[in-house]
Amino acid sequence: MELVLPDTLTGRPRAVRRKPGRPVALYVCGPTVYDAAHVGHGRNYLVFDVARRFLEAEGIPVRHVMNITDFEDKLDARAEELGVSWRALARREERAFLRDLAALHLLLPQLTPRATEYVPRMVEVARRLMRTGRVYRDGNEWTYTPPHRAAGKNFPTDRQLAAHAVSEPGHPFPESAGRAGAFMIWRLQRPPKPSWPSPWGPGIPGWHLECYAMADRLLGLPVDLHGGGLDLIYPHHYAENEIALEFRGRPFSHVFLHVGFVLIDGSKMSKSRGALVPLRTALNEVGADALRWYLLSTPPTERLPWSPVELARSRAEFLRVRDAVRHWMRASAGGRDSAASARRLAADVRRELARGLATDRAFRRLSAWATTETERGGAVARTDRARARAAFRDIEARTGLRLL
RNA sequence: GCCGAGGUGGCAGAAUGGUUAAUGCGACGGACUGCAGAUCCGUUUCCUGGGGGUUCGAUUCCCUCCCUCGGCUCCA
């Protein structure tokens, strides 16, 4: 069964496909490792985890790449604050971040390339952009200004930006009309801050070149599925896509999926506002399965308001479902049911996930099944136990929940 | 301004063309109780934002208007 996702670039549902004989090329934008993961990160990577699990359960191999941004201004600032080197801080936070994702029972990507290892390739991307004649230098920075694109080629942000700049007179975007959508590709900088040699002098490449260089090298462009949090659409994915359009005339990815924010007090969880719930804290409180249930209980592209009450309710709901499954599977209780009920449930879950990764609807199927089977006191017959188990194993494989 | 998601009973929230539009909370009545709470039983007539259209039939599909929420160069 095909996995159809709401594609952000076209605004339409699109099936995830692959090149014949190749695995699905999945590139998920990773974190800047300067602080602990919060539940917003958790939800983001969780959504791609379920997408990958679904494809693999369908027998489709996935090559899953997630970059680690291990040099960046905020990382420098944090390192200085703590009195450690930016490299040491990045390594430490990277380990913690990946450990927390694994604790949420995520399948970790096969490859987690670090930005620091890709600087020479990013320099090469910058060099090619320099040759387009669309780059200008302003002091220590070189900036690339993309040409105007026809509708549908990229996220419709340049129009937005122009309108936004006009509607807010104090907006710090100087020549907005002509330069909407421009992004930095090289900045001069010296140690102890991150710095690498280049034809333009020592410094650092712009962030957007990172994912382009990595995806091109490790997966080949265009990739099949790409995404991250909704906040990455602009400027990050817009910019990556501009580079792909410049060099190849094709978008960065066949399908873009962007995950809705986890909201706290009505607005986005953010490190700068200090309003966030660390992933580790939530995991310690309710465990991976209940947290997965909660984070996936709203459609992936929609926002999820964080609420301790709802978290507790999700935990209770997950446990109710798990207990119902376990009880139903205990054939020693003299069960008479065939495996049909479990197989139907697995088919329902599969169908809901295939259609837009509707985790919320899939979970509702599980809840409904649990209610029905509990009320009628059903239990599987000993002879059908193996087939029923296989059905639940399939659900587990796709959702990452541990039910049996 | 632009992009996106929505407007269902007092509140929250299901139902992606088909019988009296779920369920939960709240409220009200009753049982129990010295009173209250908790618990249990029952009741809750009244609800699909406005206006067109498609259809035998619309909460559901199309158009339009109004309103709400989120986002719009740190960011998952």
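Considering only residues two or more places apart in sequence or on other chains, A/Phe261 meets the ring-ring contact (aromatic ring centres under 6.0 Å, His included) condition with none of them. Applying the side chain to side chain donor-acceptor pair (under 3.5 Å) rule to A/Arg389 yields no partners; only residues at least two apart in sequence or on another chain are considered. A search for side chain to side chain donor-acceptor pair (under 3.5 Å) contacts involving A/Thr112 returns nothing, not counting sequence neighbours. Residues satisfying the side chain to side chain contact (heavy atoms under 4.5 Å, CB included) test with A/Arg121, not counting sequence neighbours, are A/Tyr118, A/Ala213, A/Arg217. Evaluation of the ring-ring contact (aromatic ring centres under 6.0 Å, His included) rule for A/His64 yields no partner, not counting sequence neighbours.
The nearest whole Å value for the distance from the CG atom in A/Asp231 to the P atom in B/U73 is 11 Å. Atom CG in A/Asp360 sits roughly 11 Å away from atom P in B/G6 (whole-Å rounding). Atom-to-atom, CD of A/Glu317 to C1' of B/G24 comes out at 12 Å; the value is rounded to the nearest Å. Between the CD atom of A/Glu72 and the C1' atom of B/A76 there is a distance of 14 Å, given to the nearest Å. One atom, CD of A/Glu302, and another, P of B/G13, lie 11 Å apart when rounded to the nearest Å. Taking atom CG of A/Asp7 as the reference point, atom P of B/C3 lies 17 Å away to the nearest angstrom. Rounded to whole Å, atom P of B/A76 lies 13 Å from atom CG of A/Leu279. When rounded to the nearest whole Å, the span between CG of A/Asp35 and P of B/A76 equals 10 Å.
Contact annotation for A/Val28: no contact, since no heavy-atom pair falls under 4.0 Å across all strands. Within 4.0 Å (heavy atoms only), A/Gly40 reaches at least one base atom of the nucleic acid. At a threshold of 4.0 angstrom between heavy atoms, the contacts of A/Leu232 are confined to the sugar-phosphate backbone, with no base atom among them. Among the protein residues, A/Tyr45 comes within range of the sugar-phosphate backbone only, with heavy atoms under 4.0 Å from sugar or phosphate atoms but none that close to a base.
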Reading RNA chain B 5' to 3', how would its secondary structure be written in dot-bracket notation, given Watson-Crick and G-U pairs with both distances under 3.5 Å, brackets [ ] for crossing pairs and | for partners on other strands? (((((((..(((.....[....)))((((((.......))))))....(((((..]....))))))))))))....
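Nucleotides B/U48 and B/C65 are separated by 23 Å at their P atoms, to the nearest Å. Nucleotides B/G53 and B/C47 have their P atoms positioned 23 Å apart, rounded to a whole Å. For the P atoms, the distance from B/G9 to B/U45 is 13 Å, rounded to whole Å. Between B/G50 and B/G7, the distance separating the two C1' atoms is 12 Å to the nearest Å. Across B/G71 and B/U39, the matching C1' atoms stand 47 Å from one another, rounded to whole Å. Taking atom P on both B/A38 and B/C28, the two are 12 Å apart, rounded to the nearest angstrom. Remark: the separation of the P atoms in B/A21 and B/C63 is 28 Å, to the nearest Å. Going from the C1' atom of B/G13 to that of B/G26 covers 14 Å, rounded to whole Å.
Aromatic pair A/His258/A/His237: ring centres closer than 6.0 Å.
Of the candidate nucleotides B/G70, B/A76, B/U73, B/U73 has the atom lying nearest to any side-chain atom of A/Pro235.
A/His254 and A/His226 form no side-chain donor-acceptor contact under 3.5 Å, judged by distance and modelled atom types alone. Using modelled atom types, one finds no donor on one side chain facing an acceptor on the other under 3.5 Å when comparing A/Thr132 with A/Glu246.
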I'd like to know whether A/Asn284 forms a side-chain hydrogen bond (donor to acceptor under 3.5 Å, both in side chains) with A/Thr281, so could you lay out the CA-CA distance, the side-chain angles of the two residues, the decisive distance to 0.1 Å, and finally the verdict. CA-CA 5 Å; A/Asn284 288 343; A/Thr281 304; over 6 Å; no
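For the ring-ring contact (aromatic ring centres under 6.0 Å, His included) condition, the pairs that include at least one residue of residues 304-325 of chain A, sequence neighbours left out, are A/Tyr294-A/Trp306.
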Name the atoms and distances for all side-chain donor-acceptor pairs under 3.5 Å in residues 81-88 of chain A, with sequence neighbours left out.
residue: A/Glu81; atom: OE2; partner: A/Arg78; partner atom: NH1; Å: 3.0
residue: A/Ser85; atom: OG; partner: A/Ala88; partner atom: N; Å: 3.0
residue: A/Trp86; atom: NE1; partner: A/Pro192; partner atom: O; Å: 3.3

Dump the pairs, protein N or O against N or O of nucleotides 14-16 of chain B, anything under 3.5 Å, distances to one decimal.
residue: B/A14; atom: O3'; partner: A/Arg364; partner atom: NH1; Å: 3.4
residue: B/A15; atom: OP1; partner: A/Arg364; partner atom: NH1; Å: 2.9
residue: B/U16; atom: O4; partner: A/Arg355; partner atom: NE; Å: 3.3
residue: B/U16; atom: O4; partner: A/Arg355; partner atom: NH1; Å: 3.3
residue: B/U16; atom: O4; partner: A/Arg355; partner atom: NH2; Å: 2.2

